[in-house]
Amino acid sequence: MQPGLSVIVHGPDPQGHLGELLDALAAQPFAEAEVIVAAVGDWARQQAEQHAAGDPRMVVLPLPEGTGDSAARAAGAARATGRWLHFVHAKDGLPVGALRTVADRTAELSDSVDVLVVDHVLSTWQTSSAPSGDGRYLAGAGRRAVPLADSPQLLQLTPVLGNRVIRADFWRSLDVAGSDFSDDEAYAALAVLLHADKVASLDQVAYEIRELREQSLPPVTTAQRYAVIERYEQLHRILAEQGAPEGPRAVLYDVMVHELVRIFARSGMPDPEAREFFTRASRAAVSWRPKHHQRPAGLEGIRYSLLEENAYTKYRAFQAANQKRREVRSLVASGKRQVSAKLRDQRYRRALSEPVDPNLAVFSAYWDRGVACNPAAIAAKLAELAPHIHPVWVVSRHKAALLPPGTDHIVPGTRRYWDVMARAKYLVNNVNFPNSVVKRQDAIHIQTHHGTPLKRMGLDQLDFPAASKGLDFDALLARIDKWDYSVSANSHSTRMWERAYPSNYTPLDHGYPRNDVFYSATAEDVRAIRDRLGIAPGRRAILYAPTHRDYEAGWTPRLDLASLADRLGEDTVLLVRGHYFYGGAASPLTDLRRSGRVIDVSSYDPVEELALAADALVTDYSSIMFDYANLNRPIVIYADDWETYAKTRGVYFDLMAEAPGQVARTQDELAAVFETDAWRDEAAMKSLTAFRRRFCEFDDGQAAERVVRRVFLGESEESLPPVIPVDERTPAPTPEEATAR
């Protein structure tokens, strides 16, 4: 049977990244895909052969040292049998679930579609998985397959082949490998779009570009810089031969000018070479400028104009003037910061004097990380029940690109941030807003929290210095005094919040909105999540989610996952959420990842999906246990340091006496629990039932509706949907139920 997708891994093993990539592929046991490893050089071949020995989907094509990327891609494509080709460079990566995500999308596409473009993240030697910035172009294109002329903005996508999945017959018809630009990946990436009859989009991350440190790479030659100009001229010739409309030509023109100006400004070329580059770039800019093209405004427009005029001397003077302005700004920066703080204060005060907007709501979660947790569930229900109220999310600058398309947001510290914060009627957060946010008399602040408390919180931390170091309790109290409502999942939480956060707010015993999904999710939802995670049907999935220890300066692994996975056997998958375990090329988990038995889900969001995918939960003292209990699935507590944790952090109850299931104090005990039916035997389920009745008291799938009706629509407590008793609720199907045929 022909596979739907052929993943072609190609290239040498740059800085040891190939092993990580093959581990990631092996951890996605999607049988409908084949993996062709066009391994360049002996080291890459050895890595590939080691992985292929444990993965029947992998085929190794050894290639001589020095084989170029284009030749390696061509060799892989010639061997591939899939309907679609996904070229993955050996230095790059594939996120969890990428195989399934891409395969599902391509399966929907007809043979009239030649290219599927996807989103990616960017990792460098300093940072990990930064958003690409391409999401806005993909979201704008939507899911409908269209000619490039209908979505010319797709030419602005990062020009790599890894974010393009290409129909195999179309790729072979192009003979990109035989062109004058065969080793220019950016040319190939743009050319496939220009030649495609139709292009489809997927605004989900399905690729990771690893950008190697510039200082570790061979220096760029002058000839290579000139070749960039030739690349764009050839691409423009393709459009001209096609008689393409002005839309794609204008976008390609902007892409070209932007890159040529950037190369000129940043390359550090000697003056004669720089002058020649500028002259060639100017000729290209004049030759290929569309008739009705409008230059951008501001400094960018000046750069366009000077390039098109071939005004080399003027451009250098323009550069020098900009540099001088930057130096002056730097000299006065410290003074300006003080002045700007005063100006910000004045602007904020003026905004506070304006009327509150009754239809404006601000949402934030986990210190401005994005759309998540209880605030996200409330915002979703608000859109359903009160669409006249406009939601705005507070999101830190580096997280803004990860927001769902169309999400209105504000970045802390900006002018609009202070304006919106001043005028909003509703402010919803699962942590506290900054001290600088003023509580207006006619505004409403809703504190949703983000967990049921086992550990001591708020003022109860005063007697536990390991947990409270650096905490300003006076400032904490001032923030608490701004709350109007405090959302609670159970009576235990309500009582503890009143003790830890004493103030005059109203408790909302309505349940945690984020847990509604545990009662609304269907069998199809559970299957889809497990498919995205690469969990084969019939395998037992155990979610392991440890918590943080305040008494540790760093993180100490508490389980030998390699040994545990060996004992639990081939039919058990460990979903590991938390700190990165045993990283690096020498990781003892390499073979386990290859077999799909350990999946690192530390960065997977939302966590509720992980819970839905898991047959059981193993945790120590994390509040995830209270949420997971809603599913009525087994929970095992691994408490190897309970006494130390309780003494240094402080706890509200003895978990050892009121555990939601079996308790293991050593790894051997933990393994033994899962080697038998002890994890889900009668005693374990009896403990879980008691735990659910106590801690899932208000979580019945209608929490978000109760909060919205009470706070935003002003309905009385008596008119809200009543809480369904725990024993009368029907949680989402278990994985076993969801996969039963």
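Values reported hereafter were calculated over all heavy atoms of this structure, with side chains retained and with hydrogens, waters and symmetry mates removed.
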Undergrad: Can you find a side-chain donor-acceptor pair between Asp627 and Tyr512 that sits under 3.5 Å?
TA: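 On atom types as modelled, these side chains do not qualify, holding no pair under 3.5 Å.
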Undergrad: As a test of understanding, state which of Arg540, Arg633, Arg530 forms a salt bridge (charged side-chain N to carboxylate O under 4.0 Å, His left out) with Asp615.
TA: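 The option that passes is Arg530.
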Undergrad: Sequence neighbours left out, what pairs pass salt bridge (charged side-chain N to carboxylate O under 4.0 Å, His left out) with at least one residue falling in residues 650-664?
TA: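 Applying salt bridge (charged side-chain N to carboxylate O under 4.0 Å, His left out) to every pair that reaches into residues 650-664, excluding sequence neighbours, yields Glu658-Arg694.
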Undergrad: Kindly compute the distance separating CD1 (Ile542) from CG (Leu617), expressed to the nearest 0.5 Å.
TA: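 Between Ile542 CD1 and Leu617 CG, I get 10.0 Å after rounding to 0.5 Å.
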Undergrad: Check whether the side chains of Tyr652 and Asp460 place a donor and an acceptor atom closer than 3.5 Å, and report yes or no.
TA: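 Side-chain D/A pair, Tyr652 to Asp460: present.
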Undergrad: For Arg100, what residues pass the side chain to side chain contact (heavy atoms under 4.5 Å, CB included) criterion, not counting sequence neighbours?
TA: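 Arg100 satisfies side chain to side chain contact (heavy atoms under 4.5 Å, CB included) with Phe30, Asp104, Asp531 only.
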Undergrad: Will you find, in the side chains of Gln447 and Tyr485, an N or O donor that is under 3.5 Å from an N or O acceptor?
TA: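 No, Tyr485 and Gln447 have no side-chain donor paired with an acceptor closer than 3.5 Å.
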Undergrad: Sequence neighbours excluded, which residues qualify as side chain to side chain contact (heavy atoms under 4.5 Å, CB included) partners of Asp727?
TA: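 Arg693.
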Undergrad: Within a radius of less than 6.0 Å around CZ of Arg415, do more than 12 heavy atoms belonging to other residues, nucleotides or ligands occur?
TA: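 Result for CZ/Arg415: open.
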Undergrad: Atom OG1 of Thr407 and atom CZ of Phe363: how far apart are they, to the nearest 0.5 Å?
TA: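 Those atoms lie 12.0 Å apart.
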Undergrad: When rounded to the nearest 0.5 angstrom, what distance separates NZ in Lys455 from CZ in Arg649?
TA: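 Taking NZ in Lys455 and CZ in Arg649, the distance rounds to 4.5 Å.
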Undergrad: Show your working on side chain to side chain contact (heavy atoms under 4.5 Å, CB included) between Arg369 and Val395 and close with a plain yes or no.
TA: CA-CA 6 Å; Arg369 293 183 196 172; Val395 184; over 6 Å; no
Undergrad: What distance separates Asn490 CG from Phe698 CZ, expressed to the nearest 0.5 Å?
TA: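 Going from the CG atom of Asn490 to the CZ atom of Phe698 covers 6.5 Å.
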Undergrad: Compute whether any side-chain donor of one residue and acceptor of the other, for Asp119 and Ser132, lie under 3.5 angstrom apart.
TA: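 Short answer, yes.
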Undergrad: For side chain to side chain contact (heavy atoms under 4.5 Å, CB included), just list the numbers for Arg729 and Ile724, CA-CA rounded to whole Å, side-chain angles, deciding distance to a tenth of an Å, and then say yes or no.
TA: CA-CA 7 Å; Arg729 301 172 194 166; Ile724 300 170; 3.8 Å; yes
Undergrad: Does a donor on one side chain and an acceptor on the other come within less than 3.5 Å for Gln204 and Thr101?
TA: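 No, because no side-chain N or O of Gln204 sits under 3.5 Å from a partner of the opposite role on Thr101.
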Undergrad: Would His449 and Ser486 satisfy side-chain hydrogen bond (donor to acceptor under 3.5 Å, both in side chains), going step by step from the backbone distance to the final call?
TA: CA-CA 8 Å; His449 305 281; Ser486 169; 2.8 Å; yes
Undergrad: Rounded to the nearest 0.5 Å, what separation is found between the CG atom of Asp357 and the NZ atom of Lys425?
TA: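 Answer rounded to 0.5 Å: 10.5 Å.
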Undergrad: Among Leu543, Ile599, Leu533, whose side-chain contact (heavy atoms from CB on, under 4.5 Å) with Val573 holds?
TA: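 Per the side-chain contact (heavy atoms from CB on, under 4.5 Å) rule, the option paired with Val573 is Ile599, out of Leu543, Ile599, Leu533.
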Undergrad: Can you sort out the partners of Pro502 under side chain to side chain contact (heavy atoms under 4.5 Å, CB included), two or more places apart, ordered by chain and number?
TA: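 Pro502 satisfies side chain to side chain contact (heavy atoms under 4.5 Å, CB included) with Leu459, Leu477 once adjacent residues are dropped.
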Undergrad: For Glu643, is the CD atom crowded, meaning more than 12 foreign heavy atoms sit under 6.0 Å from it?
TA: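 Enclosed: over 12 neighbouring heavy atoms sit under 6.0 Å from CD of Glu643.
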Undergrad: Compute whether any side-chain donor of one residue and acceptor of the other, for Asp368 and Ser364, lie under 3.5 angstrom apart.
TA: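 There is such a pair (donor and acceptor under 3.5 Å, judged by atom type) between the side chains of Asp368 and Ser364.
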Undergrad: Around atom CD of Glu736, are there more than 12 heavy atoms of other residues, nucleotides or ligands at under 6.0 Å?
TA: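 No - once you tally the heavy atoms of other residues, nucleotides and ligands closer than 6.0 Å, there are 12 at most.
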Undergrad: Carefully, step by step, assess Val437 and Lys439 under the rule side chain to side chain contact (heavy atoms under 4.5 Å, CB included).
TA: CA-CA 7 Å; Val437 172; Lys439 173 62 169 71; over 6 Å; no
Undergrad: Does CD in Glu682 sit with more than 12 non-hydrogen atoms of other residues, nucleotides or ligands closer than 6.0 Å?
TA: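 Atom CD in Glu682 is not crowded, with 12 or fewer foreign heavy atoms closer than 6.0 Å.
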Undergrad: Can a donor-acceptor pair be found between the side chains of Asp481 and Ser503 at a distance below 3.5 Å?
TA: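 Yes, a side-chain donor-acceptor pair sits under 3.5 Å.
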Undergrad: Please round to the nearest 0.5 Å and tell me the distance separating atom CG of Asp516 and atom CG of Asp700.
TA: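 It comes to 7.5 Å.
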Undergrad: Establish, from distance only, whether the side-chain atoms of Arg479 and Asn435 form a donor-acceptor pair under 3.5 Å.
TA: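 On atom types as modelled, these side chains qualify, holding a pair under 3.5 Å.
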Undergrad: Mind checking side chain to side chain contact (heavy atoms under 4.5 Å, CB included) for Ala139 and listing every partner two or more places apart, or none if nothing turns up?
TA: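 Partners of Ala139 under the side chain to side chain contact (heavy atoms under 4.5 Å, CB included) test: Asp203, Pro405.
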Undergrad: For the residue pair Arg349 and Trp418, would you count it as a cation-pi contact if the rule is NZ or CZ under 6.0 angstrom from the ring centre and within 45 degrees of the ring axis?
TA: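 No - Arg349 does not lie over the ring of Trp418 by the 6.0 Å and 45° rule.
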Undergrad: Can the ring centroids of Phe653 and His492 be said to lie less than 6.0 angstrom from one another?
TA: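 Ring centroids of Phe653 and His492 are less than 6.0 Å from each other.
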Undergrad: Side chains of residues 504-511: which donor-acceptor partners sit under 3.5 Å, not counting sequence neighbours?
TA:
from   : atom 1 : to     : atom 2 : distance (Å)
Tyr505 : OH     : Trp497 : O      : 3.0
Tyr505 : OH     : Tyr501 : O      : 2.9
Asp509 : OD1    : Thr494 : OG1    : 2.7

Undergrad: Does CZ belonging to Arg416 count more than 12 external heavy atoms closer than 6.0 Å?
TA: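 More than 12 heavy atoms, drawn from other residues, nucleotides or ligands, come within 6.0 Å of this atom.
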Undergrad: Could you go through the side-chain hydrogen bond (donor to acceptor under 3.5 Å, both in side chains) check for Asp620 and Trp642 one step at a time?
TA: CA-CA 8 Å; Asp620 38 27; Trp642 168 252; over 6 Å; no
Undergrad: Taking atom types as modelled, is there a side-chain donor on Asn374 or His450 under 3.5 Å from an acceptor on the other?
TA: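 No, His450 and Asn374 have no side-chain donor paired with an acceptor closer than 3.5 Å.
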